[in-house]
Amino acid sequence: MSAFAEKIITWQRTHGRHDLPWQQSKDPYAVWVSEIMLQQTQVSAVIGYYGRFMERFPTIASLAAASQDEVMQYWSGLGYYSRARNLHHAAQTIMREFSGQFPQDFQSIQSLKGIGRSTAAAISVFSFNQRQTILDGNVKRVLARVFGIEGWPGLPLIEKQCWSLAESLLPQLNLPAYIQGLMDFGATLCTRSKPRCLSCPLQNDCQAYQQQRVSKLPSPKPRKAMPEKRITMMMIMDAGEILLEKRPNHGIWGGLWSLPEVQQEEIPCQAAYEKYRLATEPLETLPVLWHTFTHFKLEITPQPLQLTGVRQPEIATTCWLSIDDAITAAIPAPVRTLLKNLKSTPPLI
DNA sequence: AACCCGTGGAT
DNA sequence: TATCCAAGGGT
């Protein structure tokens, strides 16, 4: 076994995390759900979602049988909603093509929607004790430091080197302890900022530490200027209910319910009539909301509107909900903020 | 290959 | 406040 793997495993026994909710079971479904939720998402953000999701969808069959709306409702606020759509889709694939049994073959696991090489490796190690390596942000950071790898690890060439290196470091035994240790090591000791090098068992092996380049590695992702967009969201109200519109599965907030959008130049009342044939009049405005994504900043101007004419029949992509029901529906995080603002300070005419 | 896809915590 | 980025994957 490489000295690297040996030290990671030893460190894991005394300093790793052993009591996370998804570590109580080797059930591939439980591991799968946790790994999807944890993609680009920190443990603290996942814990609550994981418990609620597993209570409502305890098996692959129960998830496959659920509606997309309900699955999205349990993901609402967690972000990267394609994960939920793919998870739902993959559960149906498993029912149809794998007789409801989670596949054990590595290529079959990776063929499922939303499961790439790293996630497939995590599942195959934790559930089936196979010999595969993960390569997430934690591992890239640890490798970049210990082995002094220059360049942003997201670059295809660097990433390919990292995969090869990670594979070469795999021990023959104790794969679950090693993989879990690798993640815990990156998440709690070899952190992005303020790594605890003085407590690190790899101190003498670490090129970054030896060369005092810990704060320089890994090389940061090259950034581009963040564009800004401005939209108005219509809050059309009638008899204590508000109009929501379902967003298409592709694009931002895909598959979620949201407030109807208006381009900044349009006049909300006119837009409400042109889009839905609803006669409305504007109410007092609510505070503007800024929301920052990975790739752009969004300025949301909420425009409350009171329905003055008749309510048109609902179509498949619209629905009227009470404010409380809307808040618990499958909506994006900033829309939930807007609805809570609306509830706490109802606008006047 | 480059871009898209959310949200919240840390600094 | 602005920036980075976290148990990545799809297109």
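A, B, ... follow the sequence lines: proteins, then strands. Residue 1 opens every chain.
- At the phosphate of dA7(C), neither OP1 nor OP2 sits under 4.0 Å from any side-chain N or O atom of Ser34(A).
- Between Trp11(A) and His15(A), the ring planes lie parallel to each other; the angle is under 30°, not in the 30° to 60° tilted range.
- Regarding contacts with the backbone of dA7(C), every side-chain N or O of Lys140(A) stays at 4.0 angstrom or more from both OP1 and OP2.
- Classified by interplanar angle (parallel below 30°, tilted 30° to 60°, perpendicular above 60°), the ring pair Phe57(A)/Tyr74(A) is perpendicular.
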Next item on the list: Would you mind building the protein contact string for nucleotides 6-11 of chain B? One character per nucleotide, 5' to 3', B for base within reach (heavy atoms under 4.0 Å), S for sugar-phosphate only, - for untouched.
Entry: BB-B-S
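- The existence of a salt bridge linking Lys113(A) and Glu97(A) is excluded, since no basic side-chain nitrogen approaches an acidic carboxylate oxygen closer than 4.0 Å.
- Listed pair Arg223(A) / dC4(C) meets the phosphate criterion, a side-chain N or O lying under 4.0 Å from OP1 or OP2.
- Through direct or relayed side-chain contacts under 4.5 Å between Ile, Leu, Val, Met, Phe, Trp and Tyr, Val288(A) connects to no other residue.
- In this structure the side chain of Pro21(A) never reaches within 4.5 angstrom of the side chain of Met54(A), judged on heavy atoms.
- Between His295(A) and Pro156(A), the one whose closest nucleotide on DNA chain B sits nearer the 5' end is Pro156(A).
- Between the side chain of Gln306(A) and the main chain of Met237(A), a donor-acceptor pair closer than 3.5 Å is present.
- Taking atom CG on Leu143(A) and atom C1' on dA7(C), their separation rounds to 15 Å, with Å as the unit.
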